[in-house]
Amino acid sequence: MSEMPKAYDPKAVEAPLFESWTAGRYFEQSVVEGVSPFSIVIPPPNVTGSLHMGHALNNTIQDVVIRRSRMTGRPTRWIVGTDHAGIATQNKVEQKLAAEGLSRRDVGRERFIEMCWEWRAEHGSTIISQLKAMGCSCDYSDEHFTMDPGYQQAVRKVFVDWFNKGLIYRGKRIINWCPRCSTALSDIEVEHEDLDSHLWHLRYPLKEPVGAVDHVVVATTRPETMLGDTCVAVHPDDERYTALIGSMVVLPLLGREIPIVADEHVDPAFGTGAVKVTPAHDPNDFEIGERHGCPKINVMAADATITAEGGPYEGLDRYEARTRVVSDLEEAGLLVKTDDHLHSVGHCYRCHTVIEPWLSDQWFVDMKPLAAPAIQAVRDGRVVFHPKRWENVYYHWMENIRDWCVSRQLWWGHQIPVFYCDACGEMTASETDLTSCSACGGEVRQDPDVLDTWFSSQLWPFATLGWPERTPELDYFYPTGVLSTARDILFLWVARMVVSGMYFNDGEIPFRDVIIHPTVFNAEGRRMSKSLGTGIDPLDLMEHYGADGMRFGLMLQTTGNQDIKFAEDKLASSRNFANKIWNASRFVLMNVDEDYVPGEPEAATVADAWILSRLAGLASAVDEGLLTYQFGEVARALYDFFWNEFCDWYIELSKSRLAAGAAEGASDEAKAARLTVQRNLVFVLDTALRLLHPMMPFVTEEIWRRLPLSPEASSDSLMVAAWPDPSALARLADEGAERSIGRLIEIVTGVRAVRARYSLSPKQGIRVEFKTASEGDNRWLEAEFGLIHQLAGISEFIAGVDTVQPAHAAAFVAAGVEVYIPLEGLVDFAAERTRVGGELEGTRAELEKLDRKLSNEGFLAKAAPEIVEKDRAKAAGLRDTVASLQAQLLELAE
RNA sequence: GGGCGCUUAGCUCAGGGGGAGAGCACUUCCUUGACGCGGAAGGGGUCAGAGGUUCAAAUCCUCUAGCGCCCACCA
């Protein structure tokens, strides 16, 4: 067994361990007939991506769940891969071209796509190697990509199927257009932001005056769109305007004559109650235009410059056009006023350019009928969200779902498998490429657009398992167990996976539990973002704290309710925690003899019974906590157990027996006792390392492999060692031992406090006198004196029910026992009086409160009996304490 | 406009009807053979505010204030 260095060094350990896991093929999982599996599909990171804090958190969560499952012996597989990320990847390659002064059109579609593949080959594995650095136990032997040939086939099948069923259709609609990416976006790819802007009031002259009225004033936030106005709408019941309905106005600047129409959509209370209607540039206006048969004039080109329809404004950028239109109107005396106005402006979620509502031909998925079963699956509890409140968000969106615009005017992605025949106008969706028209045999051309990246991502849980082939993997691993993700892709991805997963798998859901994890914000509470420079690089964190330190630090901060305002000090604690475990293990291993024989743990002493009982409690808390995804609680329980119970107390409590058994001329009994302690130390460490392994895989594995375990308990890797079974460990529970050690800790702590107060050197032995309440307590103290002696440095003691407080003694009450420590010449009586007085006051106040409660009839009548009993016992204890503190005060007064 | 979450120690946060907790920071002491990435002992909080329910409220309900987020066809 190699020597353990004094400090845990993650860098020396992590890479070789990961190598050994890969070599051992522990990440891989094939079909095991007759055994129920557990699987997770990783949310595929973009090939363009590199690890950020959100990934770090999400993948730690998944790895924790996966590693626990694997250790229980269940066939477990974490399916990994990347997403082709249409817009993001295309942007990267376009940037590369731009550096050479080229655009994608310069190189052509075919070459451009080739370059995307090259880019992927070069950069696409970055994030995968970062996942490995984190220790994520994905099945890397079977990595997927949303543009793999098989995956492409799956996408085409889905498209063709929905097309043939009429669930995908082509339509000319107002969609969200990003002029920079030059593509349509779905509604949920638009991020709205409230911006300070203006509400311009424009005067539109009537062609013929109606009575005294010769104009109408409209209000708009986008004056440049007036170039495309084809009517003005007012509410039919708005008396201000009823006389004008049917009249014509002359559109300023262009001179076009357009009608005034009545439409229920108009809100008379907003603006002037008259609305300029631009059917080609606003979804509402589109509807109004449809209702009144108004033409749709598109005044904007794909790059958001004004088209020829804009007459003199042709060629201007939309914002230049806005400025010009406003100033020209003002000059013409047609600008009535300009109000400040806060309004919500849509931005592209990829490049943050302001979105233009734009009329164009696009493909849509009819989501309503598809959503219904997916809603039902959550209602039935077949899919469960954690935390549960996200289900309401899901319902709200799904029940109000709108058609999904799935076509994108990009080159990188799944090209829409629709073939047009220019000769006969036939339109065919086909899983295979067509060269000729199925109707007339004429030449066909494929739709040039590609599909929304999310259209392919939605197939991830089954396309990665070989669908549409009915593979053994698909049969076995689908549905997956858990889907863990950030909340911002709840609609973009999660909901759509439920929809398509159920549709294409005979109604079978894609995953049972959905974990919506917290969002990671930086210390200032701002979203971590690379472009804002507000992010922290997980690789830097791993450099400083080790992969385990980062993982555990994140787990400590993960709770169901609150987002994470990233606290780096938690990572420092976690790194220290790893080091603590390392050194505790070093202690254990240093105290295991060459000829140590592994064996069962044994509660030979109260201390043994106590730690075994605590261990049983830990196992059950960790197991239960992981099954309910309470990561923060589990992390704290592990931390607390290892540090505060195992290291601070059990190891200390074990030292005397270890030493006695190793001493020269030790008796056989002492030697046997030493062996028992060794076995207990090894057992507790072994079990606790197993429980900690999912969160801290590296340090636990490194230590665990050094443990002297029996062949049955051992294996080549902790990764595949047996997960502690809480119900089997429950036999170790021992309430009496827990109570007993609890009291011992109280007394030891009290004595140490006296030591600290009077600066007594730890080496200085002290005499302690106990006044107990019963003979039982005396026997208990005598029995445990060895431990108290060792931990508190007591050289001699007496215990009795009639002990009297010695003169010049520090005194306190702990665990129902009065403790006196004679300190001739050392006690500062004034200070002691103040301290005891303060304690007395506090105790009295507490007692008074409790007495009031206990004399309250309502309480006695209605509270649970065990609560009343507990409070009575507590009051009795407090009364004793008050009495002894009073006695002490009297003593100190002399 | 609708909805959700948060407000607890100097900081970051757990807890969630019956004893106010952790980590970090702070104070004092300790070169104790597992660990100074450590040990021991401490100080520090009207659990945002106001009402209500209850024998009992940090915890449940209502309202208020502040912060953050999501949804919505807010010309």
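Quantities reported herein were computed from a predicted structural model and do not represent experimental measurements. Labels below follow one simple rule: chain letters A, B, ... track the order of the sequence lines, proteins then strands, and each chain is numbered from 1.
For A:F270, counting side-chain heavy atoms from C-beta on, the closest listed nucleotide (B:C6, B:A75, B:G39) is B:A75. Of the listed nucleotides (B:G38, B:C74, B:C35), B:C74 has the atom at the smallest distance from the side chain of A:D194. If you check B:G5, B:C35, B:A75 against the side chain of A:N579, the one that comes closest is B:C35. Closest to the side chain of A:D648, from the set B:U12, B:C69, B:G39, is B:G39. In this structure, of B:A14, B:A75, B:C69, it is B:A75 that holds the atom nearest to the side chain of A:T221. Closest contact between the side chain of A:K874 and the listed nucleotides B:G19, B:G23, B:C35 involves B:G19. Proximity note for A:D871 (side chain, C-beta onward) versus B:G18, B:C13, B:C35: the nearest is B:G18. Of the candidates B:C24, B:C4, B:C35, B:C24 carries the atom nearest the A:S573 side chain, counting heavy atoms from C-beta on. Of the listed nucleotides (B:G18, B:A14, B:C37), B:G18 has the atom at the smallest distance from the side chain of A:F859. Distance from the side chain of A:A756 is smallest to B:A41 among B:A41, B:G15, B:A75.
Nearest approach of A:F698 to A:E14, heavy atoms of both residues: CE2-O, 3.3 Å.
Pair check for B:C55 finds B:G18; Watson-Crick or G-U wobble, both atom distances under 3.5 Å. The pairing partner recorded for B:G1 is B:C71, the criterion being a Watson-Crick or G-U wobble arrangement whose two distances lie under 3.5 angstrom. In this entry B:U27 has B:A41 as its Watson-Crick or G-U wobble partner, both defining distances falling under 3.5 Å. Base pairing analysis places B:U7 opposite B:A65; the two distances defining the Watson-Crick or G-U wobble pair are each below 3.5 Å.
A sub-4.0 Å separation between OP1 or OP2 of B:A34 and a side-chain N or O of A:K655 is present. Between A:T559 and B:A14 there is a side-chain N or O to OP1 or OP2 distance below 4.0 Å. Distances shorter than 4.0 Å separate some side-chain N or O of A:K6 from OP1 or OP2 on B:C35. OP1 or OP2 of B:C4 has not a single side-chain nitrogen or oxygen of A:N392 nearer than 4.0 Å. Contact between the side-chain N/O atoms of A:T749 and the OP1/OP2 oxygens of B:A41 is found at a separation under 4.0 Å. Between A:Q562 and B:A14, a side-chain N or O to OP1/OP2 separation shorter than 4.0 Å is present. Taking only side-chain nitrogens and oxygens, A:W643 comes nearer than 4.0 Å to OP1 or OP2 of B:G39. Put simply, A:K580 has a side-chain N or O that comes within less than 4.0 Å of OP1 or OP2 on B:G39.
A:K565 comes within 4.0 angstrom of sugar-phosphate atoms only, judged by non-hydrogen atoms across all strands, and of no base. When heavy atoms are screened at a 4.0 angstrom cut-off, A:E652 is found touching base atoms of the nucleic acid. Among the heavy atoms of the strands lying under 4.0 Å from A:R389 are primed sugar atoms or P, OP1, OP2 only; no base atom is included. Counting non-hydrogen atoms under 4.0 angstrom, A:A274 reaches a base of the nucleic acid. Heavy atoms of A:Y545 sit nowhere under 4.0 angstrom from any nucleic acid atom. When heavy atoms are screened at a 4.0 angstrom cut-off, A:A753 is found touching the sugar-phosphate backbone but no base atom. At a threshold of 4.0 angstrom between heavy atoms, the contacts of A:H192 with the nucleic acid are absent. Contact annotation for A:R402: backbone-only contact, meaning every heavy-atom pair under 4.0 Å involves sugar-phosphate atoms and none involves a base. Note on A:A864: a base of the nucleic acid sits closer than 4.0 angstrom, heavy atoms only. No contact: A:V277 has no heavy atom under 4.0 Å from any strand.
One can place CG of A:L791 at 15 Å from P of B:G39, the figure rounded to the nearest angstrom. Rounded to an integer number of Å, the gap from CZ of A:R757 to P of B:G43 is 10 Å. Between A:Q790 atom CD and B:A40 atom C1' the separation is 15 Å, expressed in whole Å. Rounded to an integer number of Å, the gap from CG of A:D488 to C1' of B:C70 is 11 Å. Rounded to an integer number of Å, the gap from A:Y639 OH to B:G21 P is 18 Å. Atom CZ in A:F812 sits about 12 Å away from atom P in B:A41, given to the nearest Å. With rounding to whole Å, A:L199 atom CG is found 9 Å from B:A75 atom P. When rounded to the nearest whole Å, the span between CZ of A:F587 and C1' of B:C37 equals 19 Å.
Ring geometry, A:Y639 versus A:F552: the interplanar angle falls under 30°, so the pair is classed parallel (tilted spans 30 to 60°). Relative orientation of the A:F491 and A:W397 rings is parallel, given thresholds of 30° and 60° on the angle between their planes. The aromatic rings of A:F642 and A:F646 stand perpendicular to each other, their planes meeting at an angle above 60°, with 30° marking the opposite boundary.
Rounded to whole Å, the separation between the P atoms of B:C13 and B:C6 comes to 13 Å. B:A34 and B:G68 have their C1' atoms separated by 45 Å, with the value rounded to a whole Å. With both ends at atom P, the span from B:U64 to B:C71 equals 25 Å, rounded to whole Å. A distance of about 49 Å separates the C1' atoms of B:G33 and B:U7, rounded to the whole Å. Comparing the C1' positions of B:A20 and B:G43 gives an interatomic distance of 16 Å, to the nearest angstrom. Comparing the C1' positions of B:A72 and B:G2 gives a spacing of 8 Å, expressed to the nearest Å. Atom name C1', nucleotides B:A50 and B:A65: the rounded distance is 11 Å, in whole Å. The same atom, P, is picked in B:C11 and in B:G51; the two are 26 Å apart, to the nearest Å.
Looking only at distances, a side-chain donor or acceptor of A:Q557 sits under 3.5 Å from a matching main-chain atom of A:A567.
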Using side chain to side chain contact (heavy atoms under 4.5 Å, CB included), reason through A:L359 and A:W177 one step at a time and then give a plain yes or no. CA-CA 9 Å; A:L359 184 65; A:W177 183 262; over 6 Å; no
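Contact annotation: side chain of A:K570 to base of B:U12, donor-acceptor pair present below 3.5 Å.
Just one residue in the list A:Y394, A:Y395, A:W390 forms a ring-ring contact (aromatic ring centres under 6.0 Å, His included) with A:F385, and that residue is A:Y394.
Atom OG in A:S585 sits 12.0 Å away from atom CE in A:M590 (nearest 0.5 Å). Between the CG atom in A:N644 and the CH2 atom in A:W649 there is a gap of 10.5 Å [rounded to 0.5 Å].
With the nearest nucleotide of RNA chain B identified for both A:Y8 and A:D563, A:D563 has the one nearer the 5' end. Where A:F521 and A:A7 meet RNA chain B, the nucleotide closest to each residue was compared, and A:A7 sits on the side nearer the 5' end.
Enclosure of atom CD in A:E857 is not indicated, since only 12 or fewer non-hydrogen atoms of other residues, nucleotides or ligands lie within 6.0 angstrom.
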